[in-house]
Protein chains: 2
Amino acid sequence: MDHLEKRAKRWSLEEVREYLLQHDIRISAYRLKIFEYLINERTHPTAEEIYEVIKRDLPAISPATVYNTLRLFLEKKIVQLVSVEKNEGRYDATLSWHGHLKCLACGKVFDLHIETLKLDGLEGFEIFEKHLNLKGLCPECLKTKNFKREGKHG
Amino acid sequence: MDHLEKRAKRWSLEEVREYLLQHDIRISAYRLKIFEYLINERTHPTAEEIYEVIKRDLPAISPATVYNTLRLFLEKKIVQLVSVEKNEGRYDATLSWHGHLKCLACGKVFDLHIETLKLDGLEGFEIFEKHLNLKGLCPECLKTKNFKREGKHG
DNA sequence: ATACTATATTATAATCGTTATTAAATTATA
DNA sequence: TATAATTTAATAACGATTATAATATAGTAT
């Protein structure tokens, strides 16, 4: 249920390799896997979620590698940080301007297409980043009543 | 340089007291001080900044009290959390819908008036919170060149 | 007022996500 | 192949915040 692009084509490992090299990032098995996961799954995972997923294929991976790799990807500007929740960093390889909505029941983060945004009083400012973050409940959770009063979920 | 309201009237301690009581919050010297600071200064301070400020008048205060009080204010919904930076929580007693812009050079957080925001694909969702966070440079810092390449600042 | 109860506050330890450090492993280059 | 540079893993450290336990304060009932 991606609200940005109904179904983006999957990137091959060769395409990922090309993309990393183009962005001045040396290749390693971990880097290929991590970026491939981010760009193809687009679930805005946390570092820990990425660690768990990669570990299935490459059990020797360390959490530090995931953090280092994500930091590198941020520096090279091929992923963006999503901070819907203050205490959890999530990572998104889709760079086009869009918003995020976190469902407080199931924890999923959905992409939002922004039709228009007009701001007042920005004369003289220089803007580098824009982030629009919503919190609420997704249709699935509303339907299945997957929430309590004021329900929160990691 | 508040871009929301040029100059909001200051709240008296008596008004703060009333407001807290109306929101089911028992009165204490710390609570009065902390809310009075948030509502009258509107600088979106961190917990640590609040701690430093209150300590000038009430040196016995503990950081835990600031955190406890802010958590209470959040629960009672009389302040909102501003998360422009993932690693720092800031607090805002202005509840009307507005955005925030953090200057990466001086660290100040400015309020933004949002003229229009239209989103696509929200049918079936229930929205509780909306946060718009920008990062950039403020006019003052741009003028005084108070920044390096890619300058960041807490 | 006095005793009793509930709440607020402090000091401190613990937690969580993340970053820093260091040594070993890997990769690139001369 | 030797050498240098980079990547990785294990672990310690860090910073913001939360939990814990003991004390202080405030509210209520007698």
Side-chain angles (χ1 to χ4, degrees), chain A residues 16-17 20-21 23-35 44-76 78-92 102 107 109 152-154, chain B residues 16-17 20-21 23-35 44-55 57-76 78-91 102 107 109 152-154:
Chain A
V16 173
R17 176 189 301 270
L20 295 186
L21 288 172
H23 288 83
D24 196 29
I25 295 170
R26 292 169 48 150
I27 302 304
S28 81
Y30 293 139
R31 291 173 178 183
L32 286 171
K33 276 266 179 196
I34 291 173
F35 191 83
H44 320 87
T46 62
E48 206 209 325
E49 285 162 7
I50 295 168
Y51 170 69
E52 294 298 337
V53 167
I54 307 295
K55 203 166 56 162
R56 290 179 208 152
D57 282 12
L58 304 171
I61 193 171
S62 142
T65 297
V66 177
Y67 282 107
N68 287 340
T69 304
L70 292 170
R71 192 142 29 97
L72 176 67
F73 288 176
L74 285 174
E75 279 163 17
K76 299 298 188 181
I78 63 168
V79 302
Q80 63 170 316
L81 183 63
V82 179
S83 311
V84 191
E85 217 76 71
K86 180 168 62 69
N87 56 322
E88 69 177 20
R90 293 175 172 274
Y91 297 85
D92 190 345
K102 175 165 177 174
V109 175
K152 284 213 175 180
H153 185 291
Chain B
V16 173
R17 176 189 300 269
L20 296 186
L21 288 173
H23 288 83
D24 195 30
I25 294 170
R26 290 168 52 151
I27 303 303
S28 80
Y30 295 138
R31 292 173 177 184
L32 286 171
K33 277 265 179 198
I34 291 173
F35 191 84
H44 320 85
T46 62
E48 205 209 328
E49 285 163 8
I50 295 168
Y51 170 69
E52 293 299 336
V53 167
I54 306 296
K55 202 166 56 164
D57 282 12
L58 304 171
I61 193 172
S62 141
T65 298
V66 177
Y67 283 107
N68 288 340
T69 304
L70 291 171
R71 193 142 29 97
L72 177 67
F73 287 177
L74 285 174
E75 279 163 15
K76 300 297 187 180
I78 64 169
V79 302
Q80 63 169 316
L81 183 64
V82 179
S83 312
V84 190
E85 216 75 71
K86 181 167 61 69
N87 56 322
E88 70 177 18
R90 293 176 172 275
Y91 298 85
K102 175 163 177 174
V109 174
K152 283 216 174 179
H153 184 291

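Letters go in sequence order (proteins before strands), and every chain restarts at 1.
Checking D:dT17, D:dA26, C:dT9 against the side-chain heavy atoms of B:Y91 singles out D:dT17 as nearest. The side chain of B:T69 lies closest to C:dT9 when the candidates are D:dT11, C:dT10, C:dT9. Residue B:A60 has its side chain nearest to C:dT10 when only C:dT18, D:dA10, C:dT10 are considered. For A:I61, whose side chain is taken as the heavy atoms from C-beta onward, the closest listed nucleotide among D:dA9, D:dT7, C:dA11 is D:dA9. Among the nucleotides C:dT7, C:dA11, C:dA20, the one closest to any side-chain atom of B:R26 is C:dT7. Side chain of B:Y30, nearest nucleotide from D:dT8, C:dT10, C:dT18: C:dT10.
When the P atom of C:dT18 is taken as reference, atom CD of A:E49 falls 11 Å away, rounded to whole Å. Nucleotide C:dA28 holds its C1' atom 14 Å from the CG atom of A:L21, rounded to whole Å. Across the protein-nucleic acid pair, A:L72 atom CG and D:dT8 atom C1' stand 13 Å apart, rounded to whole Å. The nearest whole Å value for the distance from the CG atom in A:N87 to the P atom in D:dT18 is 8 Å. Per the geometry, CG belonging to B:L32 stands 13 Å off P belonging to C:dA8, to the nearest Å. Atom CD of A:E85 is separated from atom P of D:dT18 by 12 Å (rounded to the nearest Å). Here C:dA11 presents its P atom at 13 Å from CG of B:N68, a figure rounded to the nearest Å. The interatomic distance linking A:I54 (CD1) with D:dT8 (P) rounds to 12 Å, in whole Å.
Listed pair A:R31 / D:dT7 meets the phosphate criterion, a side-chain N or O lying under 4.0 Å from OP1 or OP2. At least one side-chain nitrogen or oxygen of B:S28 sits closer than 4.0 Å to the OP1 or OP2 atom of C:dT9. Close to C:dT18, at under 4.0 Å from its OP1 or OP2, lies a side-chain N or O of A:Y67. At the phosphate of D:dT18, OP1 or OP2 sits under 4.0 Å from a side-chain N or O atom of B:R71. Under 4.0 angstrom from either OP1 or OP2 of D:dT17 there lies at least one side-chain N or O belonging to A:K86.
Remark: B:R90 CZ to A:K86 NZ distance equals 12.0 Å, nearest 0.5 Å. One distance of note links CD1 of A:I78 with OH of A:Y91; it measures 13.0 Å at 0.5 Å rounding.
For A:E48, the CD atom counts as loosely surrounded, since its 6.0 Å shell holds 12 or fewer non-hydrogen atoms of other residues, nucleotides or ligands.
Formation of a donor-acceptor pair under 3.5 Å by the A:R31 side chain with backbone atoms of A:R26 is found in this model. A donor-acceptor pair is defined here as one N or O able to donate and one able to accept, closer than 3.5 Å; such a pair exists between the side chain of B:E49 and the backbone of B:T46.
Residue-to-nucleotide proximity on DNA chain D shows that, of A:A64 and B:E48, the 5′-proximal contact is made by A:A64.
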